[in-house]
Amino acid sequence: MSEANASATRITPGNALRPEDIALEVRTGLAKPSEDIAEYALRLGDDALILAQRLGHWISRAPELEEDIALGNIALDQLGHARSFLTYAGGAMSNEDGTAKTEDDLAYFRREHEFRSVQLFEQPNGDFAVTIARQFIVSYYQFELYRRLTESTDPTLAAIAAKAVKEVDYHRDHSAQWVLRLAGGTEESRTRMIHALRLMWPYVEELFRDDDLVMRLAEAGAAVVPSSLRGDFDRLTGEVLREAELEVPDVPPAPGGGRQGRHSEHLGYILAEMQVLAREHPGATW
Amino acid sequence: MAAQNLQSVPAEPTAEQRQEQADREGQAYFDRIMAEDSRIEPKDWMPAAYRKTLLRQISQHAHSEIIGMQPEANWITRAPSLKRKAILMAKVQDEAGHGLYLYSAAETLGHTRDEMMDALIAGKARYSSIFNYPALTWADMGAIGWLVDGAAICNQVPLCRASYGPYGRAMVRICKEESFHQRQGFEILLELSNGTPEQKQMAQDAVNRWYAPSLMMFGPPDDDSPNSKQSMAWNIKRFSNDELRSRFVGMMVEQVKVLGLTLPDSQIRYNEDTKKWEHGPLDWNEFQEVLAGRGPCNAQRLERRREAHDDGAWVREAAAAYAAKQSARMQKENAA
């Protein structure tokens, strides 16, 4: 693709905005995120990256071939969103040689406390019900977030969100269908689904926490205020749970802190595995 | 008169006679299809041995796709760049898709996917021996793509013309995706070969380990391949094992130069008389050992499949129970 054709608005199907397009825009100065925007993109990118890493583990281990494919697809979508957000975030950060940080610099060469993902995304896969419970919460949250982010005053964030929201809509459907099946299937599956929701629900609250950064960005119309998503999230997840004859778990929220780099014990292991090869060969290309 | 007339009406043929007649007509139709080199479809008559051969071959092929996901899935979480991670995930996902088409094609011959999966897990069904070798380094993702998928393509392109319709059609789609996989594998090796000395060494080591096993993917030498002749007569197999192996060596010997690597075989040469590529001796004892279940990863691969299957049993039961409840509810609503 020629540099002149690079544009954050290339989001039609088959001509979607790719991380490579964003990298080109960053290199040519066409897209230049502020530090605030970069930090915000890093948050969303880290969420998606950590989830992709978790979901990728299911491939070849799922209950049915169809689920190897479905979970693999969701992982791939999340990885695609992560690559776009991280590439954009890197546009405001420099390496020692003055070049912009790439998606790989950010994914492979940051330490645990430098990751900005919230703690829900790093929670272990558990059994299939736990993975579905996590995915159910994530998909409804991300759908509401990306839907609003398509109207961001930042054209790159808006373009990434416009692609992502279409994909996350399918993730929502997939997880809701499984919540219904597991809740309404056998006694065992229902017990597992109830347990899984109780395990994951403490991490819901952190998704909707506001802080100075998002308020500053929201003021300028660039970011979405997390707390503003809570109403729709509760209403829409509530509809599915009601149909499944499940209750919203009554559990206290986890302390959270992922946006400030405070993580659960799990993230260290995820990074150890994800980063090991890249760190064995610093400076290598693949 | 009336009695005489009745006597002249031929007796109704017995069920057995009707079957014999249908078999004769079926065999004639089948022979014509083979002679015309056109296609048998699921509801057509076919000889029992043809059905059995295809069932074995297609289900083994499906199992190979499913077991073959494992050595590559082994590197998804450690892929050294996000782009490579995405490509690898998509590739392993493709393999699950290939397994699905192939199980579906096999189901048209009368076995259910559950039956085939049970046979695999019970160790009663075979899959390609190549997947019983370990994927030890990232370069193995390149070598598997380039050599293993490359050999698979050589084997599978002729299968697109296989006489059994559902198999041939599944292979068309599979071959398209496999050719991407092979190019991706080549690209991984090329990048490593042009990288640091450690990366280049990693690439050469992977090629050294996967070369001979990939050549053995074509099956035993022709004079030791008892089923080949019948499969060729049935227009399932089009070229002999040795013929395909020789073609593959000829392709690789050129491509490895572009990679800047070498094949671990000093005896590769083009025979001007036979117009065929020749290679050094292969360790067929090792092949037989791996085939017999004594390869480096046989137990591990089967155990992993069994574990996924067993761990997922409650999910499949839940889905089936839910579907049954839904359909009962619909029936009730329709009746009301």
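Owing to the predicted nature of the structure, the values given are computational and were not obtained by experimental measurement. Every chain is numbered from 1, with letters handed out A, B, ... down the list of sequences.
Arg304(B) and Ser60(A) get closest at one heavy-atom pair: NH2-OG, 2.6 Å. When all heavy atoms are compared, the tightest approach of Gly99(B) to Leu65(A) is C-CD1, 4.5 Å.
In this structure, the separation between CD1 on Ile59(A) and CD on Glu95(B) is 10.5 Å, given to the nearest 0.5 Å. Within the model, atoms CH2 of Trp314(B) and CG of Asp127(A) stand 4.5 Å from one another, a figure rounded to the nearest 0.5 Å. To the nearest 0.5 angstrom, Arg83(A) atom CZ is 11.5 Å from Lys85(B) atom NZ. We find the CD-CZ distance between Gln70(B) and Arg61(A) to be 8.0 Å, quoted to the nearest 0.5 Å. Taking CE of Met274(A) as the reference point, atom CD1 of Ile76(B) lies at 14.5 Å (rounded to 0.5 Å). Here Leu277(A) contributes atom CG and Thr137(B) contributes atom OG1; the two are 8.5 Å apart, rounded to the nearest 0.5 Å.
Checked by atom type and distance alone, the side chain of Arg78(B) never pairs as donor or acceptor with a backbone atom of Gln275(A) at under 3.5 Å. Of the possible donor and acceptor atoms, one in the side chain of Tyr108(A) sits under 3.5 Å from a partner among the backbone N and O of Ser81(B). Formation of a donor-acceptor pair under 3.5 Å by the Arg181(A) side chain with backbone atoms of Ala318(B) is not found in this model.
For CZ of Phe109(A), the number of neighbouring non-hydrogen atoms (other residues, nucleotides, ligands) closer than 6.0 Å is greater than 12. The number of heavy-atom neighbours closer than 6.0 Å to NE2 of His309(B), taken from other residues, nucleotides and ligands shown, is above 12. At most 12 non-hydrogen atoms from other residues, nucleotides or ligands lie less than 6.0 angstrom from CZ of Arg198(A). More than 12 heavy atoms of other residues, nucleotides or ligands lie within 6.0 Å of CD in Glu303(B), so this atom counts as buried by the packing criterion. Applying the 6.0 Å contact sphere to NZ of Lys325(B) captures more than 12 heavy atoms from other residues, nucleotides or ligands.
At a 4.5 Å heavy-atom cutoff, the contact between Leu76(A) and chain B is made by backbone and side-chain atoms alike. Both the backbone and the side chain of Ala75(A) come within less than 4.5 Å of a heavy atom of chain B. Using a 4.5 Å cut-off between heavy atoms, Ile188(B) does not touch chain A at all. Of the two parts of Phe128(A), the backbone and the side chain both hold a non-hydrogen atom closer than 4.5 Å to a non-hydrogen atom of chain B. For chain B, no part of Ala82(A) is nearby; none of its heavy atoms comes within less than 4.5 Å. Heavy-atom distances place the side chain of Leu192(B), and not its backbone, under 4.5 Å from chain A. Only the side chain of Arg192(A) comes within less than 4.5 Å of a heavy atom in chain B; its backbone stays farther off. When heavy atoms are compared at a cutoff of 4.5 Å, Met141(B) does not approach chain A at all.
Leu100(B) places a side-chain heavy atom less than 4.5 Å from the side chain of Ile69(A). Residues Trp178(A) and Val315(B) meet the side-chain proximity criterion, which asks for heavy atoms closer than 4.5 Å. Considering only heavy atoms from C-beta on, Trp286(A) comes within 4.5 Å of Gln199(B) through its side chain. For the pair Glu317(B) and Ser189(A), the minimum side-chain heavy-atom distance is 4.5 Å or more. Between Asp68(A) and Met69(B), the closest side-chain pair of non-hydrogen atoms falls below 4.5 Å.
The most heavy-atom pairs under 4.5 Å with chain A, out of Ala86(B), Ala73(B), Ala324(B), come from Ala86(B). No other option in Gly184(A), Gly72(A), Gly283(A), Ala183(A) has as many heavy-atom pairs under 4.5 Å with chain B as Gly184(A). Listed options Ala323(B), Gly142(B), Pro80(B) were ranked by heavy-atom pairs under 4.5 angstrom with chain A; first place goes to Pro80(B). Chain B forms more heavy-atom pairs under 4.5 Å with one residue of Leu182(A), Leu71(A), Ile270(A), Asp104(A) than with any other, namely Asp104(A).
Under the side-chain contact (heavy atoms from CB on, under 4.5 Å) rule, Leu82(B) has a single partner from Leu86(A), Thr87(A), Leu106(A), which is Leu86(A).
With salt bridges taken as basic N to acidic carboxylate O contacts below 4.0 Å, one links Arg113(B) and Glu66(A).
Side-chain atoms of Glu273(A) and Thr77(B) form a donor-acceptor pair, as typed in the model, at a separation below 3.5 Å.
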